**Student:** 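After the structure tokens below, expect a handful of questions from me.
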Protein chains: 2
Amino acid sequence: MSSTTTTRPATSTGATANRRRQARATATRTALLDAALVEFAAHGFEGASTRAIAERAGTHQPQINYHFDSKEALWRAAVDHLFARLDVTVRRHLDALPANNDRERLASEIRAFTRAVAELPELNRIMVQEATIDSDRLRWIVEQHTRPRFERLTATWRRLRRAGTVPDIDEVVLYYSLVGAASLAYVNAPEARLLSHDTMSKSFIDAHADALVILFLGSDR
Amino acid sequence: MSSTTTTRPATSTGATANRRRQARATATRTALLDAALVEFAAHGFEGASTRAIAERAGTHQPQINYHFDSKEALWRAAVDHLFARLDVTVRRHLDALPANNDRERLASEIRAFTRAVAELPELNRIMVQEATIDSDRLRWIVEQHTRPRFERLTATWRRLRRAGTVPDIDEVVLYYSLVGAASLAYVNAPEARLLSHDTMSKSFIDAHADALVILFLGSDR
DNA sequence: GTCTATAATTAGATAGAC
DNA sequence: GTCTATCTAATTATAGAC
């Protein structure tokens with residue numbers, strides 16, 4: 001140890017300093033990603049300022065252009081990060097809800113999805129702000145994230161609909177009705193609060209998840 | 001007539017000129033309101049620029065501060081204008097759908113509401129962008145427009161729920177599930193188009209309205 | 001990698017001619 | 001009422017010291 005420090009003292013201290021610098025850099029990157037999610041969700045891509053993002057992350061505005069190439073590259077990295085968290089969150093809630101048959105499996109997926117979107121309101125806020133007008137960002141998010149999930153849900157619904165397990169409803173109608181019904185209470189949580197109800201409480205989320213299963217799959221069947 | 005023009009020619013031409021100027025002013029105001037709705041819906045309050053709004057209205061940017069006091073005053077006037085159009089549009093669709101009993105009346109209201117939000121996608125786009133974060137604008141829109149409509153729908157649902165006419169679902173859960181299910185397909189219409197489906201077509205809207213009645217009221221009962 | 005300073009644009013709002 | 005010109009402040013991005 002002392003031999004190491006004596007044989008190459010400069011290199012060793014340089015290495016630990018490098019390690020520290022790199023850890024600090026990773027922390028800055030992560031803080032910027034988290035701050036970006038909040039700001040983009042609250043003000044939209046154009047309304048969010050890089051200064052506000054940097055300030056929320058506890059660092060300086062030029063760090064955004066250093067760690068990411070541009071405001072748009074930061075946005076893409078933040079969205080990737082968010083969808084990865086969605087998958088993890090849905091899976092976590094699914095594991096707690098084992099299912100036996102097709103109907104119970106879809107019921108579990110609806111409950112898990114509802115709990116996940118309640119946990120990650122920023123995701124649907126960003127989606128709804130971007131999906132409102134055609135743009136390069138929308139095209140990117142659709143091909144990267146929306147389409148695979150859209151195809152998976154509509155395929156499942158098509159199968160259950162043919163089997164007569166679910167109501168006779170077109171799959172695109174179903175997709176937007178289900179996603180809209182599951183997400184609006186959390187996207188609009190600040191509004192709901194003003195209307196005198198906290199939609200972020202566990203009791204609301206549980207009642208909401210159960211209600212969606214009843215609405216989309218019926219109470220028994 | 002010719003006597004009028006000859007007895008007070010200056011006053012008369014001044015009066016018609018005034019009338020023309022006033023008509024032009026009203027046209028400018030209306031054009032600004034319509035342009036503001038599109039821009040605010042597409043980019044949010046902070047993302048929309050007064051220059052882009054004026055250009056879309058075919059006039060110049062300082063006209064906004066002349067006809068309205070500020071960007072925020074223009075936003076409020078545009079939102080008032082939009083909610084007034086919502087009421088007219090819902091009523092128009094309701095008249096076409098007479099109802100006999102409580103359940104049929106609510107079914108008609110769900111169908112009319114769905115068709116109205118499909119016709120006015122800007123309304124829910126603006127709502128979802130403002131309801132995402134607490135602000136003076138959100139508090140204003142909630143007290144002016146959201147709360148009365150919220151109270152009306154939840155009161156109706158409470159009554160039908162007590163009578164056993166509808167599924168046993170909490171009224172706040174119902175409110176956000178129904179509004180979300182009815183609006184997302186139109187709020188996110190550009191995304192839906194990229195996913196290969198035009199949700200603005202009459203056939204989609206009809207299928208959607210019927211599906212929501214089945215989902216929220218059951219297929220018969 | 002992080003900081004300060006600043007360049008280059010663009011924002012909302014105002015002044016004043018017509 | 002409508003126009004051009006412009007003010008002040010805020011925006012994203014870059015340069016360069018450390």
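The chains referred to below are lettered A, B, ... by the order of the sequence lines, with proteins before strands, and numbering in each begins at 1. Computed from a predicted model, the values in this text were never measured in an experiment.
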**Student:** CZ of F40(B) versus C1' of dA11(C): gap in Å, rounded?
**Tutor:**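 So the CZ-C1' distance, F40(B) to dA11(C), works out to 13 Å.
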
**Student:** Of the listed nucleotides (dG1(D), dA13(C), dT2(C)), which one gets closest to any side-chain atom of H67(A)?
**Tutor:**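 My answer, after comparing the listed nucleotides, is dT2(C).
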
**Student:** Looking at dC3(D), I'd like to know if its phosphate oxygens (OP1 or OP2) sit under 4.0 Å from a side-chain N or O belonging to T59(B).
**Tutor:**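 Answer is yes, contact under 4.0 Å.
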
**Student:** Specify the separation, in whole Å, of atom CG of L32(A) and atom P of dA13(D).
**Tutor:**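 After rounding, the reported distance stands at 13 Å.
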
**Student:** Quick test of your reading of the model: are R111(B) and D206(B) salt-bridged, counting only N-O distances below 4.0 Å?
**Tutor:**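 The answer is no: the pair does not qualify as a salt bridge.
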
**Student:** Look at all strands and tell whether R51(B) reaches a base, only sugar-phosphate, or nothing, counting heavy atoms closer than 4.0 Å.
**Tutor:**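 Answer is base: heavy atoms of R51(B) come under 4.0 Å of a base.
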
**Student:** Tell me whether R76(A) is salt-bridged to E72(A), with the criterion being a basic N under 4.0 Å from an acidic carboxylate O.
**Tutor:**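 Yes, charged N to carboxylate O under 4.0 Å.
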
**Student:** Counting heavy atoms from C-beta on, name the nucleotide in dT14(C), dT4(C), dA11(C) closest to the side chain of S49(B).
**Tutor:**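 So the nucleotide nearest the side chain must be dA11(C).
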
**Student:** Rounded to the nearest Å, what distance is computed from the CD1 atom of residue I64(B) to the P atom of nucleotide dA11(C)?
**Tutor:**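 The answer, rounded to whole Å, is 12 Å.
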
**Student:** Considering just the side-chain nitrogens and oxygens of H60(A), establish if one lies under 4.0 Å of OP1 or OP2 belonging to dG1(C).
**Tutor:**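 No, because none of the side-chain N or O atoms of H60(A) sits under 4.0 Å from OP1 or OP2 of dG1(C).
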
**Student:** Indicate, with a heavy-atom threshold strictly under 4.0 Å, whether A54(B) touches base, sugar-phosphate, or nothing.
**Tutor:**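 No contact at all - A54(B) keeps every heavy atom at 4.0 Å or more from the nucleic acid.
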
**Student:** What orientation do H145(B) and W140(B) show, parallel under 30°, tilted 30 to 60°, or perpendicular over 60°?
**Tutor:**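 Judged by the thresholds at 30° and 60°, the geometry between H145(B) and W140(B) is perpendicular.
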
**Student:** Looking at the side chain of P62(B), which of dT14(C), dC3(C), dG1(D) is the nearest nucleotide?
**Tutor:**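 Ranking dT14(C), dC3(C), dG1(D) by closest atom to the P62(B) side chain puts dT14(C) first.
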
**Student:** Over how many whole Å does the gap from K71(A) atom NZ to dA10(D) atom P extend?
**Tutor:**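 The answer, rounded to whole Å, is 16 Å.
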
**Student:** Expressed in angstrom and rounded to an integer, what is the separation of R29(B) atom CZ from dT2(D) atom P?
**Tutor:**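 About 11 Å, once rounded to whole Å.
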
**Student:** Take the protein atom CG of D69(B) and the nucleotide atom C1' of dT14(C), then report the distance between them rounded to whole Å.
**Tutor:**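 One finds 13 Å between C1' of dT14(C) and CG of D69(B), rounded.
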
**Student:** What integer distance in Å separates W75(A):CH2 from dA13(D):C1'?
**Tutor:**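 About 20 Å, once rounded to whole Å.
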
**Student:** Of the listed nucleotides (dG1(C), dT2(D), dG12(C)), which one gets closest to any side-chain atom of T50(B)?
**Tutor:**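 Nearest listed nucleotide: dG12(C).
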
**Student:** At under 4.0 Å, does any side-chain N or O of T28(B) touch on OP1 or OP2 of dT2(D)?
**Tutor:**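 Checking dT2(D) against T28(B), a side-chain N or O does come within under 4.0 Å of OP1 or OP2.
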
**Student:** To the nearest Å, how far apart are Q63(A) CD and dT12(D) P?
**Tutor:**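 So the two atoms are 16 Å apart, to the nearest Å.
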
**Student:** Across the strands shown, which category fits Q61(A) at heavy-atom distances under 4.0 angstrom: base, sugar-phosphate, nothing?
**Tutor:**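 Base contact.
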
**Student:** What I'd like to find out is whether the side chain of Y66(B) reaches to under 4.5 Å of the side chain of H60(B), using heavy atoms alone.
**Tutor:**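 Of all side-chain heavy-atom pairs linking H60(B) with Y66(B), none is under 4.5 Å.
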
**Student:** Counting any heavy atom closer than 4.0 Å, what does A23(B) reach on the DNA or RNA strands: base, sugar-phosphate only, or nothing?
**Tutor:**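 The answer is nothing, as A23(B) stays clear of every strand by at least 4.0 Å.
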
**Student:** Closer than 4.0 angstrom, basic N to acidic O: yes or no for E109(A) and R152(A)?
**Tutor:**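 Result for this pair is no, no salt bridge flagged.
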
